[in-house]
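Input: a single structure, listed below in structure tokens.
Just so it is clear, the model here is predicted, and its values are computed rather than measured.
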Amino acid sequence: MNSTTPLAAAAATNVVDSVGNWFTENSGALVSGLVNILIILLVAVVFRAVMGRVITHGVRRMVRSHQRINQATAKAGNLVTRQATEAEHTGQRQQQRARTVGSVLRSVASSVIFGVAFVMILGEFGINLGPILASAGVLGLAIGFGAQSLVRDFLSGIFMMVEDQYGVGDVIDVGEAVGTVESVTLRITKIRDLNGGLWYVRNGEIMRVCNMNQDWANAVVEIPLDYSVDIAHAERVIETTIDEFAAEEEFRSKILEKPDLSGVIGIGNGSVTVRIIVKVKPGEQWALGRALRGRLKSRFDVEGVRVAYPVLPGNGLGVTKQG
């Protein structure tokens with residue numbers, strides 16, 4: 001016991017001396033390394049803050065620029081100014097786009113900046129970065145090949161939001177899915193169809209999209225008149241009806257331009273088809289089309305304008321069902 005204690009004390013003293021000597025010899029390099037690490041972290045934090053502000057400002061300018069283009073287009077087309085509720089909805093939609101796109105870009109910037117800072121800090125500790133960078137490159141390449149569809153979905157989602165192709169509440173046609181947009185993310189778009197089904201559509205799979213709620217829309221009404229109808233008389237009745245319809249207070253604020261009677265667009269199967277086009281606010285085309293058809297039907301009954309009936313087979317020549 002007495003012999004081992006001095007040995008242990010001597011060993012401990014040697015260890016303390018060795019550590020002290022190491023700190024004495026490397027104190028300059030240690031302090032310099034810590035300072036470099038603090039500088040790297042500080043520069044990364046500052047650069048991240050600056051990039052965040054630049055991204056936020058850039059996205060806002062992009063959204064405002066798109067708004068100005070839409071306003072200029074509306075003025076050039078002599079469109080009626082939207083109501084306050086529509087303007088508020090548009091503003092909320094623009095803010096949602098700006099928040100989503102800005103959040104994604106800031107996340108990407110943060111990952112790149114702090115990733116570079118982490119690699120530089122490892123270099124300050126004397127770690128050989130060659131194998132690490134090579135492994136990271138191989139891993140990134142493998143992930144890139146495996147996640148091509150995911151990357152395409154995100155890129156398509158970013159461009160879709162920046163370009164304001166559609167938003168929540170719009171009725172769109174993306175191919176097999178046609179309905180109202182309920183949710184938009186960078187990866188998928190949720191569409192509720194007429195039957196109540198909810199479609200999950202990947203943004204990268206959307207090759208083309210038809211937005212029926214953007215800027216303005218047309219309510220198209222096609223009426224098959226009986227072949228024996230006096231077209232001039234029928235057109236006078238239709239003109240009077242659509243003018244009265246457009247002047248009603250209930251519909252006047254929703255109609256952007258005077259309804260247009262295009263005239264006869266088709267002759268066949270015992271009928272003469274005429275077309276009416278009404279430029280309306282987006283999303284109002286279906287309700288106004290139904291209301292206009294109802295008014296025309298009532299006026300036709302009063303004026304004696306007959307609509308066409310389907311031709312049924314009979315006697316080899318066909319018999320027209322007169323009801």
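Between Gly204 and Ser156, the shortest heavy-atom distance links the atoms CA-OG, 3.6 Å. Counting all heavy atoms, side chain and backbone alike, Ala246 lies closest to Ile255 at CA-CD1, 3.7 Å.
Tested against Val305, the residues Ile238, Asp226, Val237 include a single side chain to side chain contact (heavy atoms under 4.5 Å, CB included) partner, Val237.
Contact annotation: the side chain of Thr273 never approaches that of Leu225 to less than 4.5 Å [non-hydrogen atoms, C-beta and beyond]. Residues Val184 and Tyr166 are in side-chain contact: their nearest non-hydrogen atoms beyond the backbone lie under 4.5 Å apart. With a 4.5 Å cut-off on side-chain heavy atoms, Arg306 and Ser228 count as touching. Residues Val181 and Lys190 fail the side-chain proximity criterion, which asks for heavy atoms closer than 4.5 Å. Counting heavy atoms from C-beta outward, Asn203 and Thr189 have side chains that approach closer than 4.5 Å. Using a 4.5 Å cut-off on side-chain heavy atoms (C-beta onward), Glu249 and Arg252 make contact. Contact annotation: the side chain of Val178 never approaches that of Trp199 to less than 4.5 Å [non-hydrogen atoms, C-beta and beyond]. Looking at Val264 and Ile231, their side chains come closer than 4.5 Å, going by heavy atoms from C-beta outward.
Listed by chain and number, the residues in a side-chain hydrogen bond (donor to acceptor under 3.5 Å, both in side chains) with Arg187 amount to none (sequence neighbours excluded). For Arg192, the salt bridge (charged side-chain N to carboxylate O under 4.0 Å, His left out) criterion is met by Glu182, not counting sequence neighbours. Shown here are the side-chain contact (heavy atoms from CB on, under 4.5 Å) partners of Arg275, two or more places apart in sequence or in another chain: Val220, Glu222, Ser262, Ile265, Ile277. A search for salt bridge (charged side-chain N to carboxylate O under 4.0 Å, His left out) contacts involving Asp260 returns nothing, not counting sequence neighbours.
Panel note: side chain Ser271, backbone Gly268; a donor-acceptor pair is recorded below 3.5 Å. Of the possible polar contacts, one joining the Gln285 side chain to the Gly283 backbone as a donor-acceptor pair under 3.5 Å is found. Side-chain N or O atoms of Arg293 include one that pairs as donor or acceptor with a backbone N or O of Gly289 at under 3.5 Å. Here the side chain of Asp243 pairs no donor or acceptor atom with the backbone of Lys258 at under 3.5 angstrom. A donor-acceptor pair is defined here as one N or O able to donate and one able to accept, closer than 3.5 Å; no such pair exists between the side chain of Gln165 and the backbone of Asn211. Proximity of a side-chain donor or acceptor of Lys279 to a complementary backbone N or O of Ala219 within less than 3.5 Å is not detected.
Phe47 CZ: 12 or fewer foreign heavy atoms inside a 6.0 Å radius.
Salt-bridge annotation for Arg299 and Glu244: present, with a side-chain N of the basic residue lying under 4.0 Å from a carboxylate O of the acidic one. Under 4.0 Å is where a charged nitrogen must lie from a carboxylate oxygen, and between Glu248 and Lys254 no such pair does.
Cluster membership for Ile121 and Val45, using ILVMFWY side-chain heavy atoms within less than 4.5 angstrom, is not shared. Taking hydrophobic clusters as Ile, Leu, Val, Met, Phe, Trp and Tyr residues chained together by side-chain heavy-atom distances below 4.5 Å, Phe118 shares a cluster with Met120. Linking ILVMFWY side-chain heavy atoms closer than 4.5 Å, directly or via other members, places Ile188 and Val151 in two distinct hydrophobic clusters. By the criterion of side-chain heavy atoms lying less than 4.5 angstrom apart, applied directly or through intervening Ile, Leu, Val, Met, Phe, Trp or Tyr residues, Val274 is grouped together with Val307 in one hydrophobic cluster. Hydrophobic clustering (ILVMFWY, side-chain heavy atoms < 4.5 Å, transitive): Val280 and Leu296 are in one cluster.
Here the CZ atom belonging to Arg236 is positioned 9.0 Å from the OG1 atom belonging to Thr240, to the nearest 0.5 angstrom. Going from atom CG of Leu288 over to atom NZ of Lys281 covers 10.5 Å, rounded to the nearest 0.5 Å. Atom-to-atom distance recorded for Asp153:CG and Ile206:CD1 is 9.0 Å, nearest 0.5 angstrom. Between atom CD1 of residue Ile276 and atom CD of residue Glu239 there is a gap of 8.5 Å, rounded to the nearest 0.5 Å. Distance CD1/Ile39 to CG/Leu34: 11.0 Å, rounded to 0.5 Å.
Applying the salt bridge (Lys or Arg N to Asp or Glu O under 4.0 Å) test to every pair with at least one member in residues 204-214, sequence neighbours left out, gives these pairs: Arg152-Glu205, Asp173-Arg208, Arg202-Glu205. Within the structure, the ring-ring contact (aromatic ring centres under 6.0 Å, His included) test picks out the following pairs touching residues 239-280 (sequence neighbours left out): Phe245-Phe251.
Under the 3.5 Å distance criterion, with hydrogens and angles disregarded, no donor-acceptor pair is assigned to the side chains of Thr180 and Asp170.
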Stepwise, does the side chain to side chain contact (heavy atoms under 4.5 Å, CB included) test hold for Arg48 with Met51? CA-CA 5 Å; Arg48 167 61 182 83; Met51 287 298 298; 5.5 Å; no
As a quick check of understanding, evaluate side chain to side chain contact (heavy atoms under 4.5 Å, CB included) for Val229 and Val272, giving each step before the final call. CA-CA 8 Å; Val229 167; Val272 178; over 6 Å; no
Walk me through it: do Asn213 and Ile172 pass the test side chain to side chain contact (heavy atoms under 4.5 Å, CB included)? CA-CA 8 Å; Asn213 284 71; Ile172 64 174; over 6 Å; no
Working for side chain to side chain contact (heavy atoms under 4.5 Å, CB included), residues Val201 and Ile191: CA-CA 8 Å; Val201 183; Ile191 303 174; 4.1 Å; yes
